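Below is one structure, written out as structure tokens; the observations come after it.
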Amino acid sequence: MLITVSGPAGSGKSTLAESLADALDYEHVSGGDIFRDLAEERGMTPLELNKQAEEDEDIDRDLDRRLRDIARKRDEVVLESRLAGWMAGDYADLKVWLSAPLEIRAERISQRENKPIEQAREETRERGESEAHRYNEYYNIDFDDLSIYDLSINTARWGPQGVLSLTLHAVQSYKETGDEGKTPITDVEYDL
Ligand SMILES: Nc1ncnc2c1ncn2[C@@H]1O[C@H](COP(=O)(O)OP(=O)(O)OP(=O)(O)O)[C@@H](O)[C@H]1O
Ligand SMILES: Nc1ccn([C@@H]2O[C@H](COP(=O)(O)O)[C@@H](O)[C@H]2O)c(=O)n1
């Protein structure tokens, strides 16, 4: 199976993708890892590349093209990134969306990155708005449209183990014939 995990910053994507891949003995591929590869190929730090990405849309496109290629060619992978579900599209067998209120995500990010909560809240909000705008402009994707997902979990309600159990239940009860072709992704411009 190809499983995607998507959601906004601090929603718990990496946490779930890592434990899910472990439980299924799948590979975990993260947008963050690809982004770090992109930075290394250009002789830059991820932070430097992140700044450049605000001016240069090729960087987002390069990352998203690699996500889509992985989804097209590989199996037994948990593919995790903001746009993993959209980029994998019909190549994905199960698309998971994670969310949590901004306040909770900001608190997690503030702890993870050791920065004041106000700063984490403002940066997370601003970055989320900027990303949503870019995805719409580049690919005609509405990041807030959850209709493409098979399973959506509010990670403010369950801890990492609970989120993993819910997802594993969905994986174990997955039937190939259950959804094929019933929720196609249309109108996205995969002009990568
Ligand atoms: N279900 C959960 N309940 C409580 N805390 C969680 C949960 N899932 C993850 N966390 C914690 O929240 C923080 C953010 O999680 P994680 O890094 O997995 O999010 P992410 O969506 O991958 O973030 P980003 O997109 O910013 O990389 C981590 O410190 C993690 O331990
Ligand atoms: N323009 C960008 C794109 C990505 N990043 C970093 O990659 C990580 C994964 O991004 P996804 O969109 O695939 O979830 C993300 O957490 C960033 O660290 C970036 O910095 N700038």
Side-chain angles (χ1 to χ4, degrees), residues 4-22 28-42 44-71 77-88 92 95-115 117 119-139 141 143 149 151-168 192:
T4 62
V5 179
S6 312
S11 57
K13 297 182 293 298
S14 301
T15 304
L16 172 65
E18 210 174 300
S19 63
L20 185 62
D22 218 41
H28 168 205
V29 178
S30 83
D33 289 343
I34 298 175
F35 194 74
R36 276 183 283 280
D37 288 347
L38 285 173
E40 203 180 319
E41 286 166 21
R42 289 166 167 79
M44 297 168 93
T45 65
L47 194 63
E48 285 166 346
L49 187 62
N50 187 299
K51 285 201 182 111
Q52 193 175 316
E54 278 166 26
E55 316 282 309
D56 179 0
E57 65 180 72
D58 284 349
I59 293 164
D60 280 327
R61 288 189 192 279
D62 205 349
L63 171 68
D64 294 327
R65 185 187 313 114
R66 290 180 195 214
L67 289 171
R68 191 153 169 82
D69 273 355
I70 290 166
V77 168
V78 180
L79 187 62
E80 167 239 328
S81 98
R82 308 264 191 293
L83 288 188
W86 286 101
M87 287 300 138
K95 297 196 272 301
V96 181
W97 170 262
L98 301 182
S99 65
L102 174 64
E103 198 55 32
I104 305 271
R105 293 186 289 112
E107 207 175 295
R108 291 175 182 168
I109 290 168
S110 129
Q111 280 180 14
R112 186 184 65 187
E113 293 168 20
N114 202 18
K115 54 175 73 153
I117 175 83
Q119 186 188 343
R121 187 191 303 116
E122 205 42 34
E123 284 176 1
T124 306
R125 192 187 58 73
E126 268 180 30
R127 193 161 164 212
E129 282 174 8
S130 157
E131 285 168 351
H133 179 77
R134 297 204 308 264
Y135 302 151
N136 194 265
E137 192 182 312
Y138 299 167
Y139 312 126
I141 286 173
F143 192 60
Y149 297 102
L151 176 68
S152 167
I153 304 175
N154 178 357
T155 66
R157 296 281 278 117
W158 291 274
Q161 189 55 45
V163 174
L164 173 64
S165 300
L166 290 165
T167 310
L168 277 174
L192 301 163

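Values in this document were obtained by computation on a predicted structure and should not be read as measured data. Numbering of ligands and ligand atoms starts at 1, following listing order.
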Of all residues at least two apart in sequence or in a different chain, which pass the side chain to side chain donor-acceptor pair (under 3.5 Å) check with S152?
none

Select one of side chain, backbone, both or neither to describe which atoms of T15 lie under 4.0 Å from any atom of ligand 1, heavy atoms only.
both

For ligand 1, find out whether one of its N or O atoms is nearer than 3.5 Å to an N or O atom of I109.
no

Are E123 and I109 side-chain neighbours, meaning at least one heavy-atom pair lies under 4.5 Å?
no

Are any non-hydrogen side-chain atoms of E41 and L49 less than 4.5 angstrom apart?
no

Atom 8 (N) of ligand 1: which protein heavy atom is closest, and how many Å away?
G12 CA, 3.8 Å

Neighbour count >12 (heavy atoms, 6.0 Å) for atom CD, E40:
no

Non-neighbouring partners of F35 that pass ring pair (Phe, Tyr, Trp, His ring centres under 6.0 Å), sequence neighbours left out:
none

Under 4.0 Å from a heavy atom of T155: which atoms of ligand 1 are those, numbered in the order shown and with their elements?
1 (N), 2 (C), 3 (N)

Check whether any side-chain heavy atom of L192 sits under 4.5 Å from a side-chain heavy atom of Y139, and report yes or no.
yes

F143: ring pair (Phe, Tyr, Trp, His ring centres under 6.0 Å) partners, not counting sequence neighbours:
W97, Y135

Close approach of A156 to ligand 1, heavy atoms, under 4.0 angstrom
no

Answer whether the closest heavy-atom distance between the side chains of S6 and W86 falls below 4.5 Å.
no

Under a 4.5 Å cut-off applied to non-hydrogen side-chain atoms, are L164 and L16 in contact?
yes

Around atom 11 (C) of ligand 1, find the nearest protein heavy atom and jot down its residue, atom name and distance.
R108 CD, 4.0 Å

Close-contact set for ligand 1 against V163 heavy atoms, below 4.0 Å
1 (N)

Nitrogen or oxygen atoms of A9 and ligand 1 under 3.5 Å apart
no

Would you please determine whether G32 falls within less than 4.0 Å of ligand 1 on a heavy-atom basis?
no

Tell me which part of K13 gets within contact of ligand 1: side chain, backbone, both or neither, using heavy atoms under 4.0 Å.
both

For residues R108 and Q111, determine if any side-chain heavy atom of one lies less than 4.5 Å from a side-chain heavy atom of the other.
no

Less than 4.0 Å is my threshold; does some heavy atom of R82 fall inside it relative to ligand 1?
yes

Side-chain contact test, heavy atoms from C-beta onward, threshold under 4.5 Å: evaluate it for L166 versus R157 and give yes or no.
no

Considering non-hydrogen atoms of the protein only, which is the closest contact for atom 27 (O) of ligand 1, and what is the distance?
R112 NH1, 3.5 Å

Looking at P8, which atoms of ligand 1 are within less than 4.0 Å of one of its heavy atoms?
21 (O)

List by chain and number: which residues place a heavy atom under 4.0 Å from ligand 2?
G31, G32, F35, N50, A53, D60, L63, S81, R82, R127, R134, Y135

Only heavy atoms of W158, strictly under 4.0 Å: list the atoms of ligand 1 that pass.
1 (N), 2 (C), 3 (N)

Could you tell me if any non-hydrogen atom of G7 lies under 4.0 Å from any atom of ligand 1?
no

H28 versus E80: any side-chain heavy-atom pair under 4.5 Å?
yes

Taking CD in E55 as the centre, count heavy atoms belonging to other residues, nucleotides or ligands within less than 6.0 Å. Is the count above 12?
no

